[in-house]
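Structure first, then comments.
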Amino acid sequence: MTGRFDPAVADVRWQKRWEDERCFIADTDSGKPKTYVLEMFPYPSGRIHMGHVRNYTMGDVLARYRRMQGFEVLHPMGWDAFGMPAENAAMERGVHPDGWTRSNIAAMRDQLKRLGFALDWSREVATCDPEYYGHEQALFLDLYEAGLVYRKESEVNWDPVDHTVLANEQVIDGKGWRSGAPVERRKLSQWFLKITDFADELVDGLKTLDAWPDKVKLMQENWIGRSDGLRFRFKLVGEGAECDYPWVKAALACSPEVEVFTTRPDTIFGASFVAVSPDHPFAEAIASQNPDAARFIADCKSVGTSEEAIESQQKRGFATGLEAIHPLDPEWRLPVWIANFVLMEYGTGAIFGVPAHDQRDFEFAREYDLPIRRVVARPDQDKDTPIGDEAEHGEGVIVNSGFLDGLSVEEAQDAVIRRAEEGGWGKRETAYRLRDWGVSRQRYWGTPIPMIHCSGCGPVPVPREQLPVLLPENVSFDIPGNPLDRNESWKHATCPKCGGDARRETDTFDTFVDSSWYFVRFASQPMDKPFDKADAESWLPVDQYIGGVEHAILHLLYARFWTRALKHIGRLDIDEPFKGLFTQGMVTHETYRGIDGRWLSPDEVRKDDSGQLIDAAGASVTRGRVEKMSKSKRNTVDPEPIVAKYGADAVRWFMLSDSPPERDLEWSIGGIEGAARFVQRVWKLATTASAEGEGADPALTRKLHRTIAAVGEAIDALQFNKAVAQLYELVSAIEKAPPSASRAEAVRVLVRLAAPMAPHLAEESWAALGQDGLVANAEWPKFDPALLVEDQVTLAVQVNGKLRDTLTVPRGLDRTEAESLALASEKVQRQLGGEPPRKVIVVPDRLVNIVA
RNA sequence: GCCCCUGUGGCGGAAUGGUAGACGCGCUCGACUCAAAAUCGAGUUCCUAACCGGAGUGUCCGUUCGAGUCGGACCAGGGGCACCA
């Protein structure tokens with residue numbers, strides 16, 4: 001049983017064995033403690049990439065480690081199978097999205113299996129299975145009945161290339177997240193989920209997530225954007241002759257008051273105008289009677305939503321001629337404007353402007369010559385210090401503000417809110433940046449929204465017994481847009497209420513709906529309902545969730561919302577879906593460009609004799625930055641041939657080495673070769689160093705026990721790179737040690753320690769060592785705490801904090817002895833130059849620091 | 001603009017306030033070989049030919065017997081949000 005370890009043979013052998021013995025099928029009813037390890041499920045693009053390999057290897061190490069520790073582990077895999085690429089393929093190649101997706105899934109499942117992941121394939125789920133999305137439709141109806149779903153005519157982000165509506169989260173820098181096309185605004189009737197009902201819970205819940213990265217919690221907190229302030233009303237009046245203008249009458253008829261929200265009620269005496277959004281009903285009322293206003297509003301809307309457009313846009317306004325009465329001074333009138341920078345979606349869609357202390361208000365005031373009045377002064381300023389070239393934001397004392405003068409910003413905020421609540425013209429309120437979640441998408445390849453539109457009854461839910469609403473198969477993609485909308489026979493429905501002719505909802509769900517509950521379906525998958533409450537709760541929450549940081553906001557927030565919504569309707573008694581979260585870094589690679597500036601892929605580049613990079617034709621190549629593997633930069637490395645050449649274990653090992661898992665990992669051929677060398681070194685030990693030798697080797701045994709402790713600790717903390725380094729050290733130590741019984745034992749332990757990372761090698765070695773059963777089922781080695789400490793320790797001897805000498809002494813040497821040994825050191829004496837030390841600090845078993 | 005993170009050899013990175021550079025990659029030298037590959041051994045922060053010694057964790061300042069680690073200011077790189085009142 002010697003020679004080289006051959007992954008081509010071993011990988012397949014053990015993968016089959018694990019499958020035959022149903023090793024990784026999770027048993028909900030076993031008496032063992034349960035743990036749920038989950039990696040974000042992939043989109044079935046057709047091939048796995050290095051990012052997948054890294055992600056799933058990390059999860060697999062944890063799952064296998066927990067198994068060996070005696071846990072019943074749920075470690076499932078599935079497919080986030082709906083989405084636009086399938087439709088794009090349909091359009092480009094004339095294949096059906098379903099067939100395209102299914103064959104991609106088959107190919108990727110194969111690839112994943114070749115990496116030897118300890119997955120429970122019996123629970124495999126694809127979101128495009130009617131068995132999955134039918135239950136999703138049922139859950140949606142549950143939420144609908146609970147009042148968490150509503151329909152709203154709303155302005156949406158319209159992607160002109162993909163012909164679909166995008167969520168705010170899918171608009172990046174004003175461009176569609178997939179197409180990259182500048183997003184336009186359109187009005188459409190959409191289904192919304194009331195995620196804002198849960199805004200407070202979703203912020204407060206973050207505090208309970210102590211096994212989440214702070215970065216992700218912070219991003220979610222900022223995204224929800226909770227801020228406290230005052231909501232209050234201004235009474236409106238017309239002034240003089242303007243009272244008779246038709247638009248003034250129309251506005252006052254629409255509303256005799258305008259309501260605003262502010263986080264700075266303390267600056268209320270600094271107000272110099274009131275402004276409403278161009279989308280505000282009040283503005284629309286004016287526009288209906290005033291063509292200039294109508295033109296102004298139309299202008300505002302024509303501006304794109306791109307970052308550049310917003311950034312460079314001038315503050316512009318339309319003076320309505322109306323005035324607002326200051327709530328704290330009935331004599332004081334503020335002009336009312338329609339202003340392009342006021343958002344309808346935030347707060348009340350109206351503001352009062354304080355130019356001195358808000359940059360936007362400041363710019364607006366400059367533009368239209370409105371008063372700029374200081375109401376907060378720093379200690380070095382007084383009430384008459386003019387405001388400079390921009391608004392001031394700092395802390396200070398309130399000035400020019402009547403009864404508020406002399407108060408701090410915070411005191412003044414409380415005072416104004418109290419006054420407003422007593423006077424009945426306003427109240428304390430919290431505003432959120434978070435908007436409700438629009439889930440309608442004008443696409444074919446998604447979950448059909450189970451609703452029917454009846455001209456008489458309005459939107460009516462599809463009766464439960466008619467679920468699932470299946471996607472029709474006979475569709476064509478030869479023209480852009482939603483094929484469901486053109487499918488007359490599918491579209492036609494009977495109204496469940498009145499029995500009349502009706503039209504089926506042709507929109508499908510945002511795919512983030514599909515991924516908002518798949519982890520629940522993994523835990524429990526009965527035929528007749530989405531999940532069984534008790535079974536699901538026996539696994540949930542997910543103990544460790546692993547995926548890319550790009551989902552820090554979208555997916556993770558939606559899944560948290562969905563879980564809370566399920567709790568709200570009594571379907572699942574879980575607050576948070578993911579107890580632990582880990583966001584792994586990307587896999588990166590150098591980029592290369594040829595002489596003509598084109599990107600070159602790594603296999604088109606080689607080194608010439610002098611070490612210069614050249615392309616196939618021998619032309620010189622410039623080395624670019626190390627970047628995330630991407631098709632556009634052509635710096636991807638396909639895992640499949642690498643696995644075929646080096647074996648699954650070498651690839652897995654390399655994915656875990658070198659870089660800490662949360663950071664980026666740079667792919668290198670040297671790295672994978674190093675990993676392959678390690679595999680052979682372990683194999684050599686397993687086949688040569690096990691049987692021979694007698695007697696104890698206490699030093700090696702200590703090293704072994706320290707390694708057991710350190711590797712376990714590192715995996716628990718998901719610091720795989722450290723676990724890897726520990727195993728390298730142990731292997732070196734065993735290789736150097738002379739034959740002994742301790743050495744043979746060390747090899748048997750080493751194989752188990754390496755098993756989560758290199759499972760095929762470990763099984764093959766375990767068998768070679770003559771051990772019974774599978775190492776996958778073996779027990780994780782235990783360490784003896786007494787063996788973690790050495791008898792002899794190395795004392796560092798410092799003079800003035802600088803290392804001058806080291807001493808090997810017995811552990812537990814007392815302070816005075818340590819001190820005298822240190823002072824006796826020749827090197828210390830030379831440093832002291834005959835002077836007595838001023839002070840000596842002794843840290844037992846660590847160091848002696850002599851202050852000269 | 002606001003919020004956050006990260007700066008350590010040629011490279012990826014280790015280091016409960018206590019011997020900076022574990023481990024890997026790369027490189028150098030050596031062994032084996034007719035030769036090469038593979039493998040094994042030794043070395044590898046910088047300055048000093050070498051020793052002795054000195055410098056050194058982005059920069060500056062501070063706290064401490066002692067700072068990569070703690071505090072402050074700055075510089076550089078990266079990320080998130082962004083007309084959110």
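Note that the structure is predicted; figures quoted are calculated from it, not measured. All chains are named by letter (A, B, ...) in the order of the sequence lines, taking the proteins before the strands, and each is independently numbered beginning at 1.
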Problem set entry | Selected nucleotide, minimal atom distance to A/F341 side chain, candidates B/G18, B/G12, B/C83 | B/C83
Exercise. Is a side-chain donor-acceptor pair under 3.5 Å present for A/T196 with A/D436?
Worked result: yes
Exercise. Do A/L202 and A/I195 come within less than 4.5 Å of each other through their side chains, counting heavy atoms only?
Worked result: yes
Exercise. Taking atom C1' in both B/G66 and B/G12, what distance in whole Å separates the two?
Worked result: 30 Å
For this session: State whether A/N721 places a side-chain N or O below 4.0 Å from either non-bridging phosphate oxygen (OP1 or OP2) of B/A14.
Result: yes
Problem set entry | Sugar-phosphate only, base, or nothing, as touched by A/V840 at under 4.0 Å among non-hydrogen atoms | nothing
Problem set entry | Contact check, side chains of A/M757 and A/L727, non-hydrogen atoms, under 4.5 Å | yes
Between the protein and nucleotides 8-11 of chain B, which nitrogen or oxygen pairs come in under 3.5 angstrom?
none

Problem set entry | Rounded C1' spacing from B/A73 to B/A22 in Å | 33 Å
Exercise. Does RNA chain B take part in any stems of at least 3 consecutive Watson-Crick or G-U pairs (both distances under 3.5 Å), and if so, which ones?
Worked result: B:1-7 with B:75-81, B:10-12 with B:23-25, B:26-31 with B:39-44, B:45-47 with B:53-55, B:58-62 with B:70-74
Exercise. Roughly how far apart, to the nearest Å, are B/A20 and B/G9 at atom C1'?
Worked result: 11 Å
For this session: With the side chain counted from C-beta on, respond yes when A/V375 and A/H357 share a heavy-atom pair under 4.5 Å apart, and no when they do not.
Result: yes
Problem set entry | Same-atom distance (C1') from B/U48 to B/A55, integer angstrom | 11 Å
Exercise. Does a side-chain heavy-atom distance below 4.5 Å link A/Q220 with A/L209?
Worked result: no
Problem set entry | A/Y368 side chain to A/S272 side chain, donor-acceptor N/O pair below 3.5 angstrom | no
At a cut-off of 3.5 Å, list every protein nitrogen or oxygen paired with a nitrogen or oxygen from nucleotides 24-30 of chain B, distance to 0.1 Å.
| from | atom 1 | to | atom 2 | distance (Å) |
| --- | --- | --- | --- | --- |
| B/C25 | OP1 | A/R677 | NH2 | 2.7 |

For this session: Spell out protein contact along nucleotides 57-69 of chain B as letters: B when the base is contacted, S when just the sugar-phosphate is, - when no protein heavy atom is under 4.0 Å; keep the 5' to 3' order.
Result: --------BS---
Problem set entry | Test side-chain hydrogen bond (donor to acceptor under 3.5 Å, both in side chains) applied to A/S732 and A/R681, step by step | CA-CA 9 Å; A/S732 294; A/R681 283 169 74 189; 3.2 Å; yes
Problem set entry | B/C84 base / A/R360 side chain donor-acceptor hit below 3.5 Å | no
Exercise. Any N or O donor-acceptor pair linking the side chain of A/R804 to the base of B/U19 at under 3.5 Å?
Worked result: no
Exercise. Got A/P335 and A/L370 here, is their nearest side-chain heavy-atom distance under 4.5 Å?
Worked result: yes
Exercise. Do any pairs count as a salt bridge (charged side-chain N to carboxylate O under 4.0 Å, His left out) and have a residue in residues 652-677 of chain A, sequence neighbours left out, and if so which ones?
Worked result: A/D60-A/R652
Problem set entry | Phosphate OP1/OP2 of B/A15: any A/K722 side-chain N/O under 4.0 Å | yes
Exercise. Can a salt bridge be assigned to the pair A/K722 and A/E713 using a cut-off of 4.0 Å between side-chain N and carboxylate O?
Worked result: no
For this session: Using a strict cut-off of less than 4.0 Å between a Lys/Arg side-chain nitrogen and an Asp/Glu carboxylate oxygen, indicate whether A/E735 and A/K684 qualify as a salt bridge.
Result: no
For this session: May I ask you to say whether A/R428 pairs ionically with A/D228, meaning some side-chain N is under 4.0 Å from a carboxylate O?
Result: no
Problem set entry | ring-ring contact (aromatic ring centres under 6.0 Å, His included) contacts touching residues 715-735 of chain A (sequence neighbours left out) | A/W653-A/Y728, A/F678-A/Y728
Exercise. Salt bridge check: are A/E367 and A/K315 linked by an N-O gap of less than 4.0 Å?
Worked result: no
Exercise. Does a side-chain N or O from A/S227 land closer than 4.0 Å to OP1 or OP2 of B/C84, or not?
Worked result: no
Exercise. Side-chain N or O of A/R433 less than 4.0 angstrom from OP1 or OP2 on B/C81?
Worked result: no
Exercise. Side-chain N or O of A/R830 less than 4.0 angstrom from OP1 or OP2 on B/G53?
Worked result: yes
